[in-house]
Amino acid sequence: MKDTLRSLIGSALSKISTEKAWPTDLDLGAFVLEEPNKPQFGHLATNAAMVLAKKVGFKPRDLAELIIQTIGPGHELIESMEVAGPGFINFRFSNKFWVKTLEKILKSGLDYGRDLTPKGRVLVEYVSANPTGPLHVGHGRGAALGDALARILSFVGHEVGCEYYVNDAGRQMRILGNSVLVRLNQLKGQEVEIPTDFYRGDYIGHIAGELAPSLGDDFENLSNKEKVEILTDRAIGIILTGIKKDLSDFRVRHDTWFSEKSLYENHLVEKSFDFLEKHGHTYHKDGALWFKSTAFGDDKDRVLVKSDGEMTYFASDIAYHKEKFDRGYDLLIDIWGADHHGYIPRVKAAVSALGRKPDHLGVVLVQMVNLLRDGQAVNMSTRSGQFVTLEEVVSEVGADAARFIFLTRSHESTLDFDLELAKSQSRDNPVFYVQYVCARVNSLLAKAQEAKADPEAAKAPIDLSLLAANEEVEIIKTLSTFSETLTAAAKRLEPHLLTVYLSSLAKLFHQYYGAFRLVDEDHWALTRARLELAKAVKQVTVIGLDLLGVTAPEKM
RNA sequence: GCGCUCGUAGCUCAAUGGAUAGAGCAACAGCCUUCUAAGCUGUGGGCUGCAGGUUCAAGUCCUGCCGGGCGCGCCA
């Protein structure tokens, strides 16, 4: 829709520019085309005249008029052009244009909106929760976001990898092993206090119980340190298995599970230190190794190796990002909880120090989820070890509802997630409203099958030009902007744009359904055209839902 | 204190710098002998926190206040 018009306006402008001898350094392409928010302003509007008028000594409206005259009448795809407001040019497309648009959409089928022009390789890293306990709702939001984003990026032409970074090294892991050991000793009847900084959730006890029978007789003879090492490994294994199952039930996929420990085992951390040192980005002070992140805009330098010889989390994170780039990715997307925002400058600094541009790393911060039930807050507390797990939420409301609702809001605003609303089957629940489009179209098609068609009429080619009602043009127009929505969602890393789009398409369709009788035996030619439109709506809805990882039911 | 971020209808939120700021919920009034009422139609509701600035044009960009959230460790 926009391409046609852009080239038309562009050539008109260059013609005028030559005639009026405008300065050659003028940017004639610096105008935008946009959909006006009011139907009386036509289908598409441009601000071209307003952008240029002052620079070339015109009144905006006069320039707009000149552009219209230069384009001239007689384009079969354009019905009308007019100057409006402060100098907008409003375009109205012809019936023929909309017919062609709809034909193109239908012809593309489930590939409609797909962009095959190759773009860069992207690695999306998401969830990456420490393997110290089950996933909770907050992780679910990150999971839904990362997974949908990956699907969208792939659909618009990127080569996408999905990765989970497993923090299986460091202090947290030792605490995990120790926490299990304490429970194990309790199981044997020993009176042991659980230290306050240990993990206290019930699942630790379950892990201890699960492991106890398989540890063997020799276990008792091992040193405490050896016991903790074994238990740590085993516990990580059990917890990761649980995490993988929760994600798989949530239909969230990762191609690779990258172990932090492997960075140390393969000496990648030292190698990244060497790289930084060689380029003069590190120094020693107070017995510690520092990264000069202030040289890249961070507000203080950061420690890589503590004076006690232990590595910081940041140290392995630098190695990890270097490793990801070394694997050949052009763009890294990290999805983090919003409480990590203070961490961004130092990682961006590291990316710069590694010789990349800061925008080769895109960080998406996901805000909190407030879990509600009938409008009342559900108590979530990690301290007591009692929190609402992703598994509980998914088994209660289903993966479809959970995924869709997680993606209804911009990731940068906190989300209220009402369990009862997510289960409700009504207009209030956006998932059902959108899914219902698919079911409703199917039922229309079934209805049309039953209806007795005039055999002569059924043989004739379908005449889409009968779709001339405002509601019908509005729907085709919305369908035609699908790929723009996807491009924006991919570029801005905001899958919720797609969710919003699907909701508004659903609204248009349900309104259309209410306003017209779509299957009408007395007007069969019109019915056939309308069913094509309905099919196109369903088709786009199916594609969109799939990109969000939500199923499109045939029947509801 | 410093930094990041958000502030839009009673509530939850939309709005690539564009024209009269939009939806849903809640409230009120309607629509089922006819395609799924899991739906549709209509009515009310706003100094977009405040004040400046940039721009032909600001909810959007810049500056300063006010208010909420978060972060400021040789933690992860």
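From a predicted model like this one, the values you see are computed outputs, not experimental measurements. In the text below, chain A, chain B and the rest are named by the order of the sequence lines, each starting its count at 1. Side chains are part of it too, since the values below use all heavy atoms of this structure and drop only hydrogens, waters and symmetry mates.
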Distance in angstrom units between A:Gln172 CD and B:rG73 P, rounded
17 Å
Gap in Å between the two P atoms, one belonging to B:rG1 and one to B:rC65, rounded:
11 Å
Nearest-angstrom distance, P atom, B:rC62 to B:rG18:
15 Å
Using atom types as modelled and distance alone, determine if a side-chain donor or acceptor of A:Thr499 lies under 3.5 Å from a backbone N or O of A:Leu407.
yes
Flag yes if more than 12 heavy atoms outside A:Asp308 fall under 6.0 Å of its CG atom; otherwise flag no.
yes
How is A:His510 classified with respect to the nucleic acid when contacts are heavy atoms under 4.0 Å: base, sugar-phosphate, or nothing?
sugar-phosphate
Where at least one partner belongs to residues 335-353 of chain A, residue pairs that pass side chain to side chain donor-acceptor pair (under 3.5 Å), sequence neighbours excluded:
A:Asp317-A:Tyr343
Between A:Lys555 and A:Val303, whichever has its closest RNA chain B nucleotide further toward 5' is A:Lys555
Can a salt bridge be assigned to the pair A:Asp298 and A:Lys292 using a cut-off of 4.0 Å between side-chain N and carboxylate O?
no
Interatomic distance at P, B:rC47 relative to B:rA9, whole Å
8 Å
Using a heavy-atom cut-off of 4.0 Å across all strands, would you classify A:Asn167 as base, sugar-phosphate, or nothing?
nothing
Side-chain heavy atoms of A:Gln172 within contact of A:Tyr199, under 4.5 Å
yes
Taking A:Glu472 first and then A:Arg530, would you say they form a salt bridge - that is, a charged N and a carboxylate O separated by under 4.0 Å?
yes
Give RNA chain B the dot-bracket treatment, 5' to 3': Watson-Crick (N1-N3 with N6-O4 or O6-N4) or G-U (N1-O2, O6-N3) under 3.5 Å, [ ] crossing, | other strand.
(((((((..((((....[...)))).(((((.......))))).....(((((..]....))))))))))))....
Using the P atom in both, what is the distance from B:rC28 to B:rG68, to the nearest Å?
35 Å
Have a look at A:Lys447 and say if it touches a base, only the backbone sugar-phosphate, or nothing, with a 4.0 Å heavy-atom cut-off.
sugar-phosphate
Using atom P in both nucleotides, what's the gap between B:rG44 and B:rG10 to the nearest angstrom?
16 Å
Please state the P separation for the pair B:rC72 and B:rC40 - nearest whole angstrom.
46 Å
Select base, sugar-phosphate, or nothing to describe what A:Ala288 touches, counting heavy atoms under 4.0 Å on all strands.
base
Rounding to an integer number of Å, can you tell me how far A:Asn370 CG sits from B:rC13 P?
8 Å
P atoms of B:rC56 and B:rG67, separation to the nearest Å
35 Å
Would you mind classifying the nucleic acid contact of A:Leu497 as base, sugar-phosphate or nothing, using non-hydrogen atoms under 4.0 angstrom?
sugar-phosphate
P atoms of B:rU60 and B:rC6, separation to the nearest Å
12 Å
Have a look at B:rC32 and give me syn or anti from its glycosidic angle (syn if within 90° of zero).
syn
With the threshold set at 4.0 Å, does a side-chain nitrogen-carboxylate oxygen contact exist between A:Asp197 and A:Arg200?
no
Map A:Arg346 and A:Ile89 onto RNA chain B by nearest heavy atom, then report which one ends up closer to the 5' terminus.
A:Ile89
